[in-house]
Structures are given as structure tokens and as C-alpha cells.
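Note that ligands are numbered from 1 as they come in the structure, with each ligand's atoms numbered from 1 the same way. What's counted below: heavy atoms across the whole structure, side chains too, no hydrogens, waters or symmetry copies.
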Amino acid sequence: MFFSTLFAIFAGVLAWFGYELRPVETKLKDPVWMRADYEARKQALIKTIAARTADSVLAIGGKKTTNLFRFRKQPKKATRLDVSSFNNVIHVDQEKMIVEVEGMTTYERLVDATLAAGVMPTVVPELKSITIGGAISGIGVESSSYKYGFVHETVLEMEILLCNGTVAVCSREQNSDLFFGMANSYGTLGYVLKVKVKVVPVKKYVQVRHIRFNNMKDYFAAVEEHCKTNRPDFVDGAIFNPTEMYLSLATFCDELPHDVKKPSDYSWMGIYYRSLQNKSVDYLTNKMYIWRWDYDWFWNSKYFHMQHPVLRFLFGRWVLRSTIFMKVFRAFHRSGLYDSKRRELVIQDVEIPIQNCVSFMEFFNKEVGLPNDFYPVWICPVRTYDQSVVYPLYKIHPTDLYVNFGFWDGVAVRDNQPGLINKMIENSVRDLKGKKSLYSSGHYEETEFWQEYNRPAYDALRTKYHATSLLDLYQKCVAAN
Ligand SMILES: *[C@@H]1O[C@H](CO)[C@@H](O)[C@H](O)[C@H]1NC(C)=O
Ligand SMILES: *[C@@H]1O[C@H](CO)[C@@H](O)[C@H](O)[C@H]1NC(C)=O
């Protein structure tokens, strides 16, 4: 423990000084100037693509943080395009309720800029370093998703860099096949350079009610009921074990009640997920609500001993941040200290139709949860926003409510077969008519994978938009890891 704590702290402090200490700009420049600046950088990218040799692989990137739980090797012969400068908020339009933003902008920046204007994107994924482009092509979800859908459903228009050096403007009217095809493409069709997304007004505080349940049947019935009838601003929850689970219903409010002196703070000594068990009603500032899961990386700060009050007191101000946990986690895995023959990482988010959620949790509790003490599990309901459209690479049933289950931990390898538990989860998700996100490890055979993720639609897009010089979705998300 001593070693890993020191390691965490050093890595955290180094990481902080390396990347995190940039002032956050909330005051935006003139949008006309911003758009001209964007155009200039875009033309420079187009030139680089035009100059590349025909046989080199395009590797687009440049971001210093990641939220992927795959450990891919970079291809050798590659033309590298650094798109990290595409990280600006261009304009917050409070009349049309739209924000225009570059694809590599992190939600941390985007939230700062939009909150300053009294609005927020309709769906903000829970970790600060997730970029808007990443959330569109990699299935972002949060507690407002039962109203507004996945992040990709909140997009009105995108500019996408194609591998032939053209930037395609995509919307429901223009290049609509690519517009709908970007969701779950993980950068294998093109790269999101700029996007317009919807925003909604915010109020200063959020009231959160945590309701306890002691069985899965009542719990998921309540999830469905609250999403249908009372419809608060936000709904999510956490399962602490098969007989203790919480549903968190959150609503904006302008003021605190008289008996509440100040809103709760989970950025230092307080631990948000613990509050679910201890407070039935809580008040947070809007920003604290948005980042409630970031400070302790949901609950995974425990692996860094950062839930210990002394360490928290001494270092919490600097270290409690998902990007720092992620850096330490990845460094640990690269270092070879993780014994992957005996421990299997199970880091997944899956969507299950509401009518099958009890069955999914019965499977999970029996095979994964109880044998490994693998809790809490995050739940977040999500439903299609506009039933008249289809996102072909991540098709869910247009009228069903789904629940996203997030679970992130390591388990003892079963039957000497590393990967077996992940495989069992993939099978269960398929049998229960669910879908699995691809940000983490996949264990599918290629044919099985393409049955789940719509090969005909994917191949058609890949050919039409000249993406064949990029790794394909299976190679990128499953095979190359
Ligand atoms: C919160 O509640 C849990 C379970 O109900 C209990 O074990 C824990 O001690 C409580 N923590 C605090 C800080 O009150
Ligand atoms: C690149 O591909 C798109 C989509 O097929 C096409 O509209 C565009 O003209 C192409 N650009 C070049 C430079 O060939």
C-alpha cells in the first residue's frame, strides 16, 4: 500500500504540473475571429494530408489524456496529424441555444464556457477530460440521457475531416449517412473537427434525492416510473450490493432551502458516492453536480488509497481528478506490474433494455459481482431522443428505455482463461438484446463482432468516405489491443 500510495502521489503531482495547471479561459473571443482562426488551422491539416505518401497510414491524434481502456500499439509507418489545437469553444449562442465548438475540446472547457453563459450542453459525460468529438464517436451518456439520448443525438452539425483531405459538413440534410454513421465509429471514418450541439439553461443549484431500494425488481420498476412520469432533470444511480441500491433523482433549483447553509463539496474531503448511502436529500452547485463523479473517478480512487482521510487531506486538492487516476492506471499497466495471467480487467459499459435489467443483474451478481465483491455498479437510463432516425453503428430499439451499466474493476481469472469473464458479459449482453460500448477491451470473434455492429452499413460508409487507410472498427477496437 505504501508503495502504491507514493506512486500515485508522485505521478499525480507530476501529471498535474505537466498538463493540468493551465488557466481555464471562460471569456470567449469574438466568434468571427475564432472561425477565421479555425479555418486557417483546418487548411493546414488539409495540406498535410495532400502531401502524404500513398502507402502511409493516417494516425490522427495528439491529445495528452485518454479515456480508453485499451492498450494499443501505434502503427509504425504513419503520417501523424496533430489535431490537438482544435480545442476551442467558438461561440455560445443563447438565442438559438447552440454551442459551436471544436472537436478536441474537453468537456471541462466546454462546461466552463457554457456555464458562464448560463447554459450547459444537453448531455455532459461524467469525466472532465472526455472530448466532444470522442463522446460523439464513442457513445457518451449521462444522467440527462433518458431525456436527450446519447451525446451523438445532441449534435446538429459536424465538420468531419476525411482521409482524402476534404472536410465534409454533415447534418441531417447534408452527408446525412456520415452524420448518423459517426456514432460508434471511434475515429475510423473521419475526424470531428467542429460541431454544433444543443444546450439547455441551467440554474445555480441541483437538488439530488437518493432513494434506497433493497431488491432489483422494485429498483428497475422505479427507474422506469421516474423516467416516464415525474421526469426530473437528471436520473442515475448506484448498486452497492444485491440488496442495497440507490436511485438518484436530481432537479435544478435557484436557491438553497433555509436550513441548508451551503452546498455539499465533493472535491476534497467529501466523497460523492458515499453520500448516496448517507444523505436522502443533498444540494450541489450545478458545476459540482456535473463533475460529481470525476473527483473520485466514480469510486475508483480507492485503488489509489485516496479515500483515506489523511491522504485526502494532504493531497486531495491536487490529486482528486480522473485524468490523474487515468495516467497512473495506464502507467501501472504499461510497467508490467499488473499480473494479467491471474487478474482480468473488467472495465465495461453496456446498455440493456429495461425489461431485461433484472436478468442482467442476476447474471452479474452471480458470476461477477458476488464472487469478486465487484461493487458499486453505476446505472444510467437512456432513451432514443428522436425515434424517426437511426444511428446504424449503434442501433438500439427506438422506443425502449435502456439502462447503461458501468462496472470497472479487476477479477480473479477463472478456469485459467484470461478474458473468460469479459466474454461471458459480452454473451449475456447479446442474449439480453443489449449493446456494449467499445471504449474498453473487446473479446469478440470478427464475424460475431460484425453481427453486432452492422458490417454492411459500416463498409458502405468506409468506402464512400475514403476511410480505408485507417484501421477498421474491429481492428481498432478489438484486434489491435
Ligand atoms: C454512511 O453510510 C454507510 C452505510 O449506511 C455507513 O457504513 C457509513 O459509516 C456512513 N458514513 C458516514 C460518513 O456517515
Ligand atoms: C473526398 O471524398 C468526398 C466524399 O466522397 C468527396 O465529396 C470529395 O470530393 C473528395 N475529395 C477529393 C479531394 O477527392
Cation-pi check for Y453 against K435: NZ or CZ below 6.0 Å from the six-membered ring centre and within 45 degrees of the axis, yes or no?
yes
Could you give all pairs that pass the ring pair (Phe, Tyr, Trp, His ring centres under 6.0 Å) test and reach residues 78-116, with sequence neighbours left out?
Y38-F86
Matching residue for W293 among F234, W299, Y273, Y266 - test: ring pair (Phe, Tyr, Trp, His ring centres under 6.0 Å)
W299
Ligand-protein N/O pairs under 3.5 Å (ligand 2):
from     : atom 1 : to   : atom 2 : distance (Å)
ligand 2 : 2 (O)  : N164 : ND2    : 2.3
ligand 2 : 2 (O)  : H466 : NE2    : 3.1
ligand 2 : 5 (O)  : K464 : O      : 3.1
ligand 2 : 5 (O)  : H466 : NE2    : 3.2
ligand 2 : 11 (N) : N164 : ND2    : 2.9
ligand 2 : 11 (N) : T166 : OG1    : 2.7

Sorted by chain and residue number, the ring pair (Phe, Tyr, Trp, His ring centres under 6.0 Å) partners of F220 (sequence neighbours excluded) come out as F405
Answer with yes or no after comparing the ring centroid distance for F407 and W378 against a 6.0 Å cut-off, counting only values under it.
no
The side chain to side chain contact (heavy atoms under 4.5 Å, CB included) partners of Q451 (sequence neighbours excluded) come to none
